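Convention: sequence-line order gives letters A, B, ...; per-chain numbering from 1. Given the structure is predicted, the values throughout are model-derived calculations rather than measurements.
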2 protein chains.
Amino acid sequence: MDDIDRRIVQLLRSQARMSYAELARRVGLTSPSVQERVAKLERNEVITGYRAEINPEAIGLGITALVGIVTTAGAEYSDVADAIQEISEVESCYFMAGQESYLLKVRVGTMAQLEHLVTRLSRLPGVGGTRTTIALSTKWEGRPQPTDPDVPDPV
Amino acid sequence: MDDIDRRIVQLLRSQARMSYAELARRVGLTSPSVQERVAKLERNEVITGYRAEINPEAIGLGITALVGIVTTAGAEYSDVADAIQEISEVESCYFMAGQESYLLKVRVGTMAQLEHLVTRLSRLPGVGGTRTTIALSTKWEGRPQPTDPDVPDPV
DNA sequence: CCTGAAAGCCTTCGAAG
DNA sequence: CTTCGAAGGCTTTCAGG
């Protein structure tokens, strides 16, 4: 993970479809070298995937909400996570410090679907309660932040 | 936005670097046709970008936290959002219904950096208070959910 | 939406730094 | 261990239909 790797990561973070040839030009290497580096970054799970960013409204998922989950006394945390994972509307899931053990970001198309989703979540084994807040608008999401220049090597 | 568009979107959502030729094979069109469709999806802002997904720990951002922002009585909401946008650690920003007007997802490398970040946020004009919760782990994030098959055309 | 041809790119080598 | 250069095979691109 040297400076060139960091530049490659940075470039792919904002333009994941950039060709190896173009990446090579920008970092001053040849295309095979860049390809080798990217393959290594993928192997080391520095790069974990490539995603097209979609306008949620365009695919019928105009409502974004956050749902905090309070687990019941005897619940096994990982079982709760496994159950939540089955629910496709849950785009992100964080295990949190605090009263609410999980925080979920969910997306649905209508309020009726949100109601149904929250009902389903509240009925999962191990779930003691939910707290739902609705996003009136998304100002921005998943913005790539500048990579820290001096970081101890991972892996 | 027909079925083929939806399949293209779906494919690019999980494998954004897939070539047009490969996409074409999978949806049963030729490569120029697929390219034309993708260009149109980009123009219509159905596809808003392509991102490499990075393991945050690998780039020195191992700590994820959520920060709720309570705005002061006279504050102009959009000014608060503009001020928050200047802060690079804020990866996502939602304008929320509820007591906390904004919810931010932030990433930093150390607790000291988190402390500093929260301090900076709390001092922004229009910010009356903050509530920070730390993610102990990220179970998953940005998981693409199945696109709704029957959605009225956007745009 | 397709075909066809030219340009460019990706991939895989072997070889060199 | 990483990079380079060159070759073939694909992919992209841009006409024109």
Could you pick out which residue, A/R17 or A/V34, lies toward the 5' side of DNA chain D when each is mapped onto its nearest nucleotide?
->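 So the residue in question is A/V34.
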Of B/M18 and A/S33, whose nearest nucleotide on DNA chain D comes first from the 5' end?
->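 That would be A/S33.
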Would you sort out whether A/Y50 and B/Y50 count as a ring-ring contact (aromatic ring centres under 6.0 Å, His included), showing the intermediate values?
-> CA-CA 7 Å; A/Y50 303 95; B/Y50 302 95; over 10 Å; no
Looking at [N], I'd like to know if its phosphate oxygens (OP1 or OP2) sit under 4.0 Å from a side-chain N or O belonging to [X].
X: B/S31; N: D/dT12; answer: yes
X: A/T30; N: D/dC4; answer: yes
X: A/K40; N: D/dT2; answer: yes

Closest to the [X] side chain: [options]?
X: A/A21; options: C/dC10, D/dT3, D/dC10; answer: C/dC10
X: B/Y20; options: C/dT11, C/dC1, D/dT12; answer: D/dT12
X: A/S19; options: D/dC10, C/dC1, C/dC9; answer: C/dC9
X: A/P32; options: D/dT3, D/dG5, D/dC14; answer: D/dG5
X: A/R25; options: D/dT3, C/dC9, C/dT12; answer: C/dC9

Return the value, rounded to whole Å, for the distance between atom [atom1] of [X] and atom [atom2] of [N].
X: A/L23; N: C/dT11; atom1: CG; atom2: P; value: 12 Å
X: B/I8; N: C/dC1; atom1: CD1; atom2: P; value: 8 Å
X: B/E22; N: D/dT11; atom1: CD; atom2: P; value: 8 Å
X: A/D2; N: D/dT2; atom1: CG; atom2: P; value: 10 Å
X: B/R37; N: C/dC2; atom1: CZ; atom2: P; value: 9 Å
X: A/Q35; N: C/dC9; atom1: CD; atom2: C1'; value: 11 Å

Might you point out which heavy atoms bring A/A65 and A/L114 nearest each other, and give the distance in Å?
->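 Nearest pair, atom of A/A65 first, then A/L114: CB-CD1, 4.0 Å.
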Could you pull out the closest heavy-atom pair between A/Y102 and A/M96, with the gap in Å?
->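 Scanning both residues completely, I find the closest heavy atoms to be C-CG, 4.2 Å.
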Take atom CD of A/Q85 as the centre, draw a 6.0 Å sphere, and report whether it contains more than 12 heavy atoms from other residues, nucleotides or ligands.
->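 More than 12 within 6.0 Å, yes.
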Indicate whether the side chain of B/S33 and that of B/T30 have a donor and an acceptor atom separated by less than 3.5 Å.
->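 Side chains of B/S33 and B/T30: pair found under 3.5 Å.
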